[in-house]
Every structure is written in structure tokens, then in C-alpha cells.
Amino acid sequence: MRIVDAEVIVTCPGRNYVTLELTTDDGIVGYGDATLNGRELAVEAYLREHVCPLLIGRDASRINDTWQYLYRGAYWRRGPVTMTAIGAVDVALWDIAGKAVGRPVYQLLGGAARDGVTIYGHASGADIAETVADAARFLQSGYRAVRVQAKVPGLESTYGLRAGTGLTYEPAGGDLPADEVWDTEAYLDFVPKLVAAVRDELGYGFHLLHDAHHRLTPLEAGRLGKALEPYRMFWIEDATPAEDQAAFRLIRQHTVTPLAVGEVFNTIWDCQQLISERLIDYIRTAVPHAGGITHTRRIFDLADLYGVRTGSHGPGDVSPIGIAAALHLDVSIANFGIQEYMSHLEPANEVFTPGYRYADGMLHLSDEPGIGVRFDKQAAKRYPYQRRYLPVNRLRDGSMHNW
Ligand code: CS2
Ligand code: MG
């Protein structure tokens, strides 16, 4: 089963996606998600110029060897662009492996360990009342977990506020990064009020999550975690930038609120200390950005040794192929925690046809062979790439902060 063609397709049906298509000599086609929000063309070029020429003629069944060949062979290791490119090749090869034997990928990973994959809704609002009402809507439609994000009083814009009535929050926009202003004290004063109102109105019968989105210092994260302890959070996400893994020791000294981190990680080495010292409770690496199924599974297995559960990143800027790949891992591993899922902006469904479906607060995979997502290359051509950037954040004095 030799690879005879490798093509990278960039398309923008509602937002940009980068998809790798691999074809074998017996006509099997596999797909991988190579989308990296705001840096799509960097991954496209890495794949087209430096990886695809190496794939032609390779045995598609040698997934592990191809992973090692692309990782060690690059010499320059790690990083979001390299690992997203390797991740796309890896998922496409797993897709081919499943299609070659007529079985869904999760059955090649040891089979289902649960009936479905619990996801969380993304409630948001311009104020507390709106956010509580939005959270209630998710609960009424069967969600068992909800993330809440609301506009911080006094700030022009705040992370996580969905536009319109759709389910997807899309932060990238414009052909230059939008400049946003941030005020940590206003945020720290506000979030406990938001969370208290959600629990007062909607009770404790569901998992409640919040994303601090890298904006706090470790001590501020400890302050927030302690303030939220009465409300039994499922997690606070990205409480502080996690390059400084040791900083989480300080947060742990001040709070028992569970911590989740990892959506910007791309290798096991980014989280090895966080996991082995039990400094976090959930690891959030996204399959497309962390070297695909092969490497993400290693991260999840390491996490399992230390009682850390998974909480894969799954925003609208992970394509349905990336979401499906995560679901195959989620449904089969022992230490599954929760899966992020926002669904996708229209008209993504003209290009991607996922086999998974929503029911009772969970996503359920189909038993289609492979990853189970169909990709319409002709439809993709109808939506050419549009340069878009994630926003940047500055403090009120103009100094750069973390978005
Ligand atoms: C967020 C994302 O989903 C999340 O938890 O952190 O919305 C993130 O901001 C985007 O994926 C960045 O592209
Ligand atoms: Mg996040």
C-alpha cells in the first residue's frame, strides 16, 4: 500500500481550514487536518514543500515509522507548525489504515471504552443574565457540561463571546490582528460574580467550566481558583501561560479548583512536568496540533499514569477531521475527561461531511471505516483562502499582554 499522491488543500468555508489528502496505489484516500488558526499557510508550505515529496512511495501502513521519519528527519524538532504538519500526515495514515480493513479507527485503537464522548457547550453573553440564559439553553438541549464566558464590565471586548445565534465562537477575523484591551483586576472582580450567578440560577447538576485564556499571573490564577472553590468548577482553563510549567506549583499551593491546560502545546515535552508532578487535572492537547493520533495517544497515556484526564481542544478552528480524530481517541482511552466541541460555521458542511452526531450531551462516532469524515475537494475550491488573524491584547497602558 504505497502513497502515490499527497495534496494540501486550503479552503475558507466560513473560516480557513488546511486539509492534507493522501492517496495510495490501491486508491484509498486518507485525510488529515493541518489547520493552525492565523498561521494556515505556514503549515501548508511546510507540508507542500518539505513533507509531501518525502511521502511519495512510502508504505502507508508504516504509521509509526513515518511519524519518526518526519519528526527526527526534520532535525528542527517540535513547534506548532512542524507538529501540525506531522499531525496531518499521521491522521491521514490512520484514516487509510481504517479504510484498508473496513473498520473505524477507534477499533484499531482497542475499541470503545464508553458509549459516547461527553462534550461541553460554550455559553456566553454581554452580561451575566445573558450568559446564564445561554447556559440554560445548552442544559435544556441535553448538555451535561457548559463553559461560561461573559463580557467583562468596562472592557470593549472579551474573549469567548459568540456572535449571533450559532454555537461556534470564531476569534479570527480581519486581514490584520484586532487590538483588544485587557484589565486583569476588572476580570478578577467579575468572574466570581458570573460563576456564582450561574450556580445560583442553574444549580450544581452539571459541569461548569471557564477559560482564563492565558491572561493571569500564577498568583492571580491562585486567587481566581480560590475565589471559585465554592462553585465546584470542572476546570479553569489556561489560567496562566504554561511555558513556565513550574509556575503551576504556585497555583496548586493556593487552590483545589481543577486546572486544564494544553491547547497550545504540541509535544509531550510541553506538558511532561505538568503531568508528572500532577500540577494539572486535564491535558488539552488537540490531535491535529500535537502530532496526530500517534503522539497525542502517548501524551494521554502518560497523563493516565498520574491521574490526569483528557480534555481535548476542539474549537471551530479544528476542522471536522481533527474533531473526528480526537473522538476516536476519546472513545477508546481509559482516562477520558471531556471533549471540547463548538460545531463549525456554515458553509463548512459543504466541504466536510462528518460521520459523528450529537445526542444527549455526547458526540457519537459512526462506524464508517477510517476517521469517518468525507471531504469534497470541488466544494473546497469554491472557498479560497482569506488571510485572517487572531486578535492581540494590550493592557490599558498599551503594553502587550496575552490574548
Ligand atoms: C479557546 C479557543 O476553545 C478554546 O478553549 O481557547 O477558542 C482558542 O482561542 C482558539 O482555538 C484559537 O484559535
Ligand atoms: Mg481555551
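Order of appearance sets the numbers: ligands from 1, and atoms from 1 within every ligand. Since the structure is predicted, the reported quantities are computational estimates derived from the model, not experimental observations.
- Of the protein's heavy atoms, D317 OD1, 3.5 Å lies nearest to atom 10 (C) of ligand 1.
- Looking at E237 and the Mg ion (ligand 2) together, the shortest N, O or S contact belongs to OE2.
- When all heavy atoms of L279 and L259 are compared, the closest pair comes out as O-CD1, 3.7 Å.
- Judged by the 6.0 Å and 45° rule, R215 forms a cation-pi pair with W182.
- Every atom of ligand 1 with a heavy atom of R147 under 4.0 Å away is listed here by number and element: 3 (O), 4 (C), 5 (O).
- Near D211, meaning under 4.0 Å from one of its heavy atoms, ligand 1 places the atoms 1 (C), 4 (C), 5 (O), 6 (O).
- Separation of the F352 and Y17 ring centroids falls under the 6.0 Å cut-off.
- Aromatic rings of W76 and Y71 (six-membered ring for Trp) have centroids beyond the 6.0 Å cut-off, not under it.
- Close approach of ligand 1 to P315 (heavy-atom distance below 4.0 Å) involves ligand atoms 3 (O), 11 (O).
- Counting heavy atoms under 4.0 Å from ligand 1, residue H313 touches it through the side chain alone.
- Looking at N37 next to ligand 1, an N or O pair under 3.5 Å apart turns up.
- Heavy atoms of W403 found under 4.0 angstrom from ligand 1 belong exclusively to the side chain.
- The nearest N, O or S atom of D211 is closer to the Mg ion (ligand 2) than 2.8 Å.
- Atom 3 (O) of ligand 1 has its closest protein heavy atom at E340 OE2, 2.4 Å.
- Only one option out of D330, L327, D367 pairs with Y106 in a side chain to side chain contact (heavy atoms under 4.5 Å, CB included); it is D367.
- Each of the atoms 4 (C), 5 (O) of ligand 1 lies under 4.0 Å from some heavy atom of R284.
- Cation-pi geometry between R144 and F138 is not satisfied (NZ or CZ under 6.0 Å from the ring centre, within 45° of the ring normal).
- Here the heavy atom of the protein found nearest to atom 7 (O) of ligand 1 is Y159 OH, 3.1 Å.
- For the pair R278 and F248, the cation does not sit on the ring face, since its NZ or CZ is not both under 6.0 Å from the ring centre and inside 45° of the axis.
- Nearest N, O or S atom of E263 to the Mg ion (ligand 2): atom OE1.
- The closest non-hydrogen atom to atom 9 (O) of ligand 1, taken over H213, Q149, M342, comes from H213.
- In summary, the aromatic rings of Y169 and Y159 are positioned with their centroids under 6.0 Å apart.
- Nearest protein heavy-atom neighbour of atom 5 (O) of ligand 1: E237 OE2, 2.8 Å.
- Nearest protein heavy-atom neighbour of atom 8 (C) of ligand 1: E263 OE2, 3.4 Å.
- Side-chain rings of Y187 and H210 approach one another, their centers coming within less than 6.0 Å.
- The aromatic ring centroids of F336 and Y282 lie 6.0 Å or more from each other.
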